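First the structure, in the form of C-alpha cells, and then the observations on it.
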Number of protein chains: 2
Amino acid sequence: MGETGRLRLSEAAEQLQGIQEVADSLGITTRTLRFYEDRGLIEPRRVGTQRIYSKRETARMQLILRGKRLGFSLRDIQEFLDLYDADPQHLEQMRALAGRCRERIEELEAQKAALEQTVKELATIEREALARVKGTEKS
Amino acid sequence: MGETGRLRLSEAAEQLQGIQEVADSLGITTRTLRFYEDRGLIEPRRVGTQRIYSKRETARMQLILRGKRLGFSLRDIQEFLDLYDADPQHLEQMRALAGRCRERIEELEAQKAALEQTVKELATIEREALARVKGTEKS
DNA sequence: TTAGCCCTTGACGTATGCGTCAGGTAACGC
DNA sequence: GCGTTACCTGACGCATACGTCAAGGGCTAA
C-alpha cells in the first residue's frame, strides 16, 4: 500500500494528492501548478513545505484549464475565480462569466467571418491565378 | 507644396512615403514598421539612411496587418510572404495560404463550439443558482 | 550658426506562460 | 550513515510584439 509512497496521508488519502499526481492527472507540469499558485489562482494546503491538493483545488484547476482552452488569459480566469470566491451565491459571478463568454464568442465569430471572407478572396485569386497559368502555357 | 516637408521626392511623390506618414495612414507606430522590417517582412528602400515606402511596401503592410487581425503570428505571415515572393505565379502560395486559413477557421470553430457549450452550462448553473436563491429567501 | 524637427540605430523594458536549471531539504529503504 | 527520490524555493531563459528611452545625424528656417 501507499500509492504515492510519500506523504503518509493516514486515511481518506484518495482526496488528497501530491503535486506530481495532480500534475499527471491534469496533463500539466508541476511548474504550472506552482506558477498558478504564485498567481493566486490556487492555494493548496501545506504539510510542512509540501503542497497538498484537495478536491477543491483540483476542481479549481479544471476550471482554470477549461478557461485556458477557451482562450482566456490567466488574468481573466483569476477575475472569475475571485468573483466566484467573493460571491458565495455565484450570481454576480455567473452573470459576469456569461457576459465574458458572450464577448469571446463575438470575438471568435468576427474572426471567423473575416477568415471566411479571406478564404473566399483566396479562392477567387486562386482561380484567377490558375487562369493566368493556363493562358501563359498557351502563349 | 511639399506635403511632407522632408525627403524632397521630386515628382511622383504620391507613391513614396516617409515612415511617419505610412505609420499614420496604417494606424500603427513607426516602431512597428521598423520591427517588421527587422523581421524581414518588408524592405523599404533607403535614401541615405531614411526609409522610403513605395506602394509595394504599403500593400505588403496591409496584407501583414490583415494577417494579424486574423490571428496569425508574424512568423506565419512571414512564411506566407516568403512563399509569395518565391512563387511569382502565387500558386503554391495560394494553396498554402488557403490551407492555413482553413486550419484557423477550424480552430476558431472549435473554440466557438467550446464556448457555446460553456455558455449553455453557465445558463444551467445560473438557473439553478437562481432557484437556490429563491429557495433561500423563502426559508 | 543655432534651434527645432524628423529620422536613425541600438538596446533595455514589459506582459504572458511557463521551461529549466541550481541548490537545498525531508523521508525512505538498506 | 548513505544514496535515492520527491519535493521546495529562487531565479534566469525564451518567444512574441512591440514600447520607450538614449544618443546622434541631417535638413530647414530664422
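Note on naming: letters A, B, ... go to the chains in the order of the sequence lines (proteins, then strands), and numbering restarts at 1 for each one. Since the model is a prediction, treat every value here as computed from it, not as a measurement.
Residue A:Q20 has a polar side-chain atom (N or O) positioned under 4.0 Å from OP1 or OP2 of D:dC7. The phosphate of D:dA15 has neither OP1 nor OP2 within less than 4.0 Å of any side-chain N or O from B:R39. The side chain of B:R75 places an N or O atom within less than 4.0 Å of a non-bridging phosphate oxygen (OP1 or OP2) of D:dT16. Look at B:R34 and you won't find any side-chain N or O under 4.0 angstrom from OP1 or OP2 of D:dT20. In this model, the phosphate group of D:dC18 is not approached by any side-chain N or O of B:T29 to a distance below 4.0 Å at OP1 or OP2. Listed pair B:R31 / D:dA17 fails the phosphate criterion, with no side-chain N or O lying under 4.0 Å from OP1 or OP2. One finds no side-chain N or O of A:R51 lying less than 4.0 angstrom from the OP1 or OP2 phosphate oxygen of D:dC7. Taking side-chain N and O atoms only, A:K68 has no distance below 4.0 Å to OP1 or OP2 of C:dT16. In this structure, B:Y36 reaches the D:dC18 phosphate: one of its side-chain N or O atoms is under 4.0 Å from OP1 or OP2.
Of the candidate nucleotides C:dC18, D:dA17, C:dC7, C:dC18 has the atom lying nearest to any side-chain atom of A:L74. Set against C:dC18, C:dG17, D:dT16, the side chain of A:T32 has C:dC18 as its closest nucleotide. Closest to the side chain of B:S73, out of D:dC7, D:dA17, C:dC7, is D:dA17.
Smallest separation of non-hydrogen atoms from A:R104 and A:G71: NH2-CA, 3.5 Å.
For the pair B:I64 CD1 and D:dT16 P, the computed distance is 16 Å after rounding to whole Å. Taking atom CZ of B:R69 as the reference point, atom P of D:dA17 lies 15 Å away to the nearest angstrom. Per the geometry, CD1 belonging to A:I52 stands 13 Å off P belonging to C:dA27, to the nearest Å. One can place CZ of B:R46 at 14 Å from C1' of C:dC6, the figure rounded to the nearest angstrom. The interatomic distance linking A:F35 (CZ) with C:dA15 (C1') rounds to 10 Å, in whole Å. In this structure, CG of A:L65 is placed 9 Å from P of C:dC18, rounded to the nearest angstrom. Between the CD atom of A:Q78 and the C1' atom of C:dT16 there is a distance of 13 Å, rounded to whole Å.
In the displayed structure, A:R75 atom CZ is contacted under 6.0 Å by at most 12 heavy atoms of other residues, nucleotides or ligands.
Here the rule is side chain to side chain contact (heavy atoms under 4.5 Å, CB included) with A:F72, and of A:L97, A:I64, A:I77 only A:I77 fits it.
Relative orientation of the A:Y84 and A:H90 rings is parallel, given thresholds of 30° and 60° on the angle between their planes.
In summary, A:R51 and A:E37 engage in a salt bridge, as defined by a charged side-chain N under 4.0 Å from a carboxylate O.
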